[in-house]
Amino acid sequence: MKEILTKNLNLSQMEAVLCTEGPLIIFAGAGTGKTRVITHRIAYLLSLGVAPQSVLAVTFTNKAALEMKKRISDLIPGIGANAWVSTFHSFCAHFLHAEASRISLNPDFLIYDFTDQKNVVKDCIKELNIDEKRFKISTIADKISRAKDDLKFSSDMAAEAEYMGDFFGTTVAKIYELYQKKLERADAMDFGDLIMRTVSALQQHSELLERYREKYKYIMVDEYQDTNHAQYIFIKLLAGKYRNVCVVGDDDQSVYSWRGADINNILDFEKDYPNAKSVKLEQNYRSTPKILSTANQVVKHNNARISKRLWTQNPDSGSVTVLKAVNENDEALKVAKKITELIYSSAYGNKYKFSDFAVFYRTNAQSRTFEDAFRVSRIPYTVVGTLRFYDRAEIKDVIAYLKLIHNPNDNVSFKRVINIPRRGIGKTSIETLEKFAQLKNMSIWQSVPFAREAGLTKGPVKALNSFAQLIKDFSVLKDGGSVKLIAEKVITDSRYLKELEIENTLESKIKIGNIQELISAVDDFGTRSSDKSLAGYLTQIALINDTDSSDESKGKATLMTLHLAKGLEFDNVFICGLEEGLLPIGESAFNDKELEEERRLVYVGMTRARKLLYLCWSTERRVYGKTIWNMPSRFIAEAGFKDESAEMEQNREQSFQNKLSQGFNRTIQSGGSGQRQNFQSFNKKSSQAEILYTNADSYGYMPSGGEITKDERLIIPLKIESVQIGTVVSHPVFGRRQN
DNA sequence: TAGCCCGGCGTTTTT
DNA sequence: CGCCGGGCTA
């Protein structure tokens with residue numbers, strides 16, 4: 001058994017797997033077999049006779065959890081499936097559910113997502129008569145979330161703000177306080193609460209803490225660089241007795257600090273656990289040496305990092321190339337052209353599929369030009385992550401009905417569906433009713449019978465009553481009926497589906513399709529899940545938001561943000577919009593912490609590539625309808641594409657001046673004057689950096705020396721099989737070409 | 001009550 | 001340039 005578990009591991013991996021006792025930190029560089037180590041380590045523990053029930057592995061995403069579960073089961077069929085592998089949030093939800101009675105909590109609590117949170121914040125701001133202009137809803141919702149990530153109650157926030165003389169903070173604390181009250185009244189918890197309340201429960205109930213410490217003797221944490229303070233404390237509490245805690249992460253891939261992730265958790269692990277063993281996984285199995293050296297070169301500019309250097313035994317092939325474009329459309333077209341060339345190239349043995357290509361960018365808005373270019377170039381593509389399934393309005397509507405059926409006191413859901421579809425209950429009616437409800441300390445639902453008393457007019461009162469009856473009729477099914485039955489009844493009896501059918505537009509048809517998909521997902525839940533209740537369903541969908549894109553992305557190129565790229569890999573990667581102001585974005589260049597995170601983002605993007613890496617930038621770009629000029633990102637220079645004449649430095653200085661004088665909106669008229677400069681001094685320093693310029697065309701301008709490092713150039717055959725290198729061919733896009 | 005218009009604003013988003 | 005939300009008017 002042991003041989004099976006260790007024979008496919010390198011020395012560091014084996015060291016990590018075999019170290020089962022005491023604190024262990026594994027620095028797992030990109031592509032170094034991290035998941036392999038975690039799963040093997042768990043399997044190894046089980047092979048030693050450790051009960052699977054005493055192993056807890058936490059991750060951040062359901063996808064990662066699922067993958068891990070599967071691989072453990074594959075390694076140790078049978079008992080492997082009994083190890084507890086889940087996300088932080090899912091674990092805490094289970095914990096709170098199981099221990100609800102002990103910590104005086106309604107076990108049927110709902111989970112609010114960020115949209116719900118914002119709705120509550122909005123209500124709070126209104127109720128407290130706070131200036132909406134100065135206190136932006138999403139900013140406040142974010143601040144509250146960050147406070148919870150830091151385990152701070154509204155009282156903590158208030159005290160802190162007062163101490164600092166921070167009026168803004170004081171007001172946010174007031175909003176936070178009311179916000180929390182509203183959540184409690186609705187028996188709802190946001191994501192932050194799940195962790196925070198679990199931590200509080202463990203801190204306040206020693207017998208609970210003791211029980212869980214005893215239960216989970218071995219704890220593993222994946223993506224440790226992304227843990228926030230609350231999660232850190234949670235792990236520290238649980239591991240407090242046996243101290244068999246193994247954390248895996250890569251400080252160079254920490255890109256979520258703006259969401260509360262604290263990079264110090266990984267940097268300071270050895271301080272927290274002085275006797276901790278540390279293992280570095282540095283052998284990369286994914287990328288070519290050129291890609292790795294480029295990525296290393298970039299990330300080594302960061303100060304706040306644990307020194308490490310990825311290396312590989314992979315053959316040295318392919319290239320890292322800079323693509324320079326004149327505007328964002330040109331950038332997209334150049335990328336599309338490159339992809340087409342590579343796809344139809346026989347020089348690469350026709351081996352690439354569209355799905356071997358990925359385009360990464362800093363902001364979602366950048367996807368559009370690529371979509372246009374790819375459509376024109378007939379490149380099938382999929383945009384990842386724009387709007388997730390459960391974030392679609394029609395899905396949220398149906399879910400809101402289900403939430404309301406589950407808990408009629410859920411004001412957020414009530415207000416969402418009260419007039420969807422239209423029932424003639426307008427804004428003013430709801431507002432009046434809500435005010436009345438607040439006055440009487442009731443939920444809106446509870447105040448419905450008093451609508452007349454509240455001052456509503458006849459029409460709305462009637463509509464309100466029939467709505468209440470509708471919900472009551474649904475509620476009857478709560479105990480006996482399946483969730484599927486309830487959902488089906490909701491969409492028909494509420495006339496939701498009917499209204500969409502009447503609308504009969506392309507959009508409404510898509511919505512109907514989505515709702516049907518939701519119904520089949522609900523059906524699937526009914527057959528698969530052990531807890532088939534409505535409450536169980538709602539908990540599950542609140543925590544599992546997976547857009548199972550595996551099928552959807554088949555045979556298609558992938559477009560996504562750099563953030564979403566983490567954890568994935570592709571043969572060929574284009575990192576686009578590498579310009580000062582876009583990547584690094586905004587003002588981040590003027591703040592070391594933020595700049596380092598931008599740099600890590602580039603590092604993450606680069607290390608996704610197996611074979612070819614393209615760094616793309618454009619001198620000109622339309623942003624918000626205005627044309628702006630950008631300097632090439634400093635990360636291009638850091639990647640080894642040096643500019644010897646210091647022209648780039650000069651330009652950056654100029655860009656800096658512009659930023660100062662124009663409030664970071666460097667607007668320069670398009671078609672403008674002599675500002676254009678040929679970055680001809682981008683000469684090649686490839687011997688040192690092992691980087692090749694592909695050719696003048698891909699670079700945009702001819703380097704001054706006119707010397708172009710040779711790269712595998714391509715022909716574009718129509719009938720791939722029958723064409724030899726050197727044959728003159730004609731292509732619909734590229735015309736006549738010869739190798 | 002609902003539809004229209006205008007103004008403001010515009011990283012990233014595992015749960 | 002587009003989207004979304006709030007306010008105004010029919």
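Per chain, numbering begins at 1; letters A, B, ... match sequence-line order.
In this structure, CD of A:Gln253 is placed 17 Å from P of B:dT13, rounded to the nearest angstrom. Following rounding to the nearest Å, A:Glu507 (CD) and C:dC3 (C1') show an atom-to-atom distance of 13 Å. Going from atom CG of A:Asp113 over to atom C1' of B:dT14 covers 14 Å, rounded to whole Å. One can place NZ of A:Lys626 at 14 Å from P of B:dG10, the figure rounded to the nearest angstrom. Remark: P of B:dT11 and CG of A:Leu601 are 15 Å apart, rounded to the nearest angstrom. Atom P of nucleotide C:dG5 and atom CD of A:Glu431 are separated by 16 Å, given to the nearest angstrom. Computed from coordinates, the A:Phe88 CZ to B:dT14 C1' distance equals 11 Å when rounded to whole Å. Nucleotide B:dT15 holds its P atom 16 Å from the CG atom of A:Asp116, rounded to whole Å.
Side-chain nitrogen and oxygen atoms of A:Ser588 include none within less than 4.0 Å of the OP1 or OP2 phosphate oxygen of B:dT11. Contact annotation: A:Asn62 does not reach the phosphate of B:dT14 (side-chain N/O to OP1 or OP2, under 4.0 Å). In terms of phosphate contacts, A:Thr561 brings a side-chain nitrogen or oxygen within less than 4.0 Å of OP1 or OP2 of B:dT13. Taking 4.0 angstrom as the limit, A:Tyr224 places none of its side-chain polar atoms (N or O) nearer than this to OP1 or OP2 of B:dT14. Remark: A:Ser90 is not in phosphate contact with B:dT15, judged by side-chain N or O atoms under 4.0 Å from OP1 or OP2.
Residue-level contact check: A:Lys133 touches neither bases nor backbone, having no heavy atom under 4.0 Å from any strand. Within 4.0 Å of A:Ile111, counting heavy atoms only, lies no atom of the nucleic acid at all. If you check every strand for non-hydrogen atoms under 4.0 Å, A:Gln366 touches nothing. In this structure, A:Gly625 reaches the bases: a heavy-atom distance under 4.0 Å links it to at least one base atom across the strands shown. Here A:Glu132 lies in heavy-atom contact (under 4.0 Å) with sugar-phosphate atoms only. Within the nucleic acid shown, A:Leu543 comes within 4.0 Å of sugar-phosphate atoms alone, with no base atom in reach, counting heavy atoms only.
Checking each of A:Arg599, A:Lys593, A:Arg600 against A:Glu597 for a salt bridge (Lys or Arg N to Asp or Glu O under 4.0 Å) leaves exactly one that passes, namely A:Arg600. Under the side chain to side chain contact (heavy atoms under 4.5 Å, CB included) rule, A:Val58 has a single partner from A:Val247, A:Leu238, A:Val221, which is A:Val221.
Counting only heavy atoms from C-beta on, A:Arg368 has its side chain closest to C:dG2 among C:dG2, B:dT12, B:dG3. With B:dT11, B:dT1, B:dT14 as the choices, the nucleotide that has an atom nearest any side-chain atom of A:Leu564 turns out to be B:dT14. Distance from the side chain of A:Arg622 is smallest for C:dC1 among the nucleotides B:dT14, B:dT12, C:dC1. Here the nucleotide nearest the side chain of A:Phe60, chosen from C:dC1, B:dT1, B:dT14, is B:dT14. Minimum atom distance to the side chain of A:Thr363 is reached by B:dT12, of the listed B:dT12, B:dA2, B:dT14. Closest to the A:Asn364 side chain, of the nucleotides B:dT13, B:dT1, C:dG2, is B:dT13. In this structure, the nucleotide among B:dC9, B:dT1, B:dT11 sitting nearest to the side chain of A:Lys136 is B:dC9. With B:dT15, B:dC9, B:dT14 as the choices, the nucleotide that has an atom nearest any side-chain atom of A:His89 turns out to be B:dT15. Here the side chain of A:His563 is nearest to one of C:dG7, B:dT13, B:dA2, namely B:dT13. When distances run from any side-chain atom of A:Lys122 to the nucleotides B:dT15, B:dT13, C:dG6, the shortest one goes to C:dG6.
Annotation: A:Phe91 is in aromatic contact with A:Phe234 [ring centroid separation under 6.0 Å].
Once the 5.5 Å centre distance and the 30° plane angle are applied, the aromatic ring of A:Tyr624 is found stacked with the base of B:dG10.
For the residue pair A:Gln180 and A:Lys148, a side-chain donor N or O sits within less than 3.5 Å of a side-chain acceptor on the partner. A:Asp190 and A:Tyr179 share a side-chain donor-acceptor pair at under 3.5 Å. In this structure, a donor-acceptor pair under 3.5 Å is present between the side chains of A:Tyr496 and A:Asp397.
With DNA chain B read from its 5' end, the first of the two nearest nucleotides for A:Glu594 and A:Arg423 is the one closest to A:Arg423. Nearest-nucleotide positions on DNA chain B place A:Arg362 closer to the 5' end than the other of A:Arg362 and A:Arg259.
Between the base of B:dT13 and the side chain of A:Arg388 there is no donor-acceptor pair shorter than 3.5 Å.
One N or O on the side chain of A:His406 and one on the backbone of A:Asp108 form a donor-acceptor pair closer than 3.5 Å.
Taking 90° from 0 as the syn/anti boundary, the base of B:dT12 is oriented anti.
Salt bridge status for A:Arg422 with A:Glu499: absent, with no side-chain N to carboxylate O gap under 4.0 Å.
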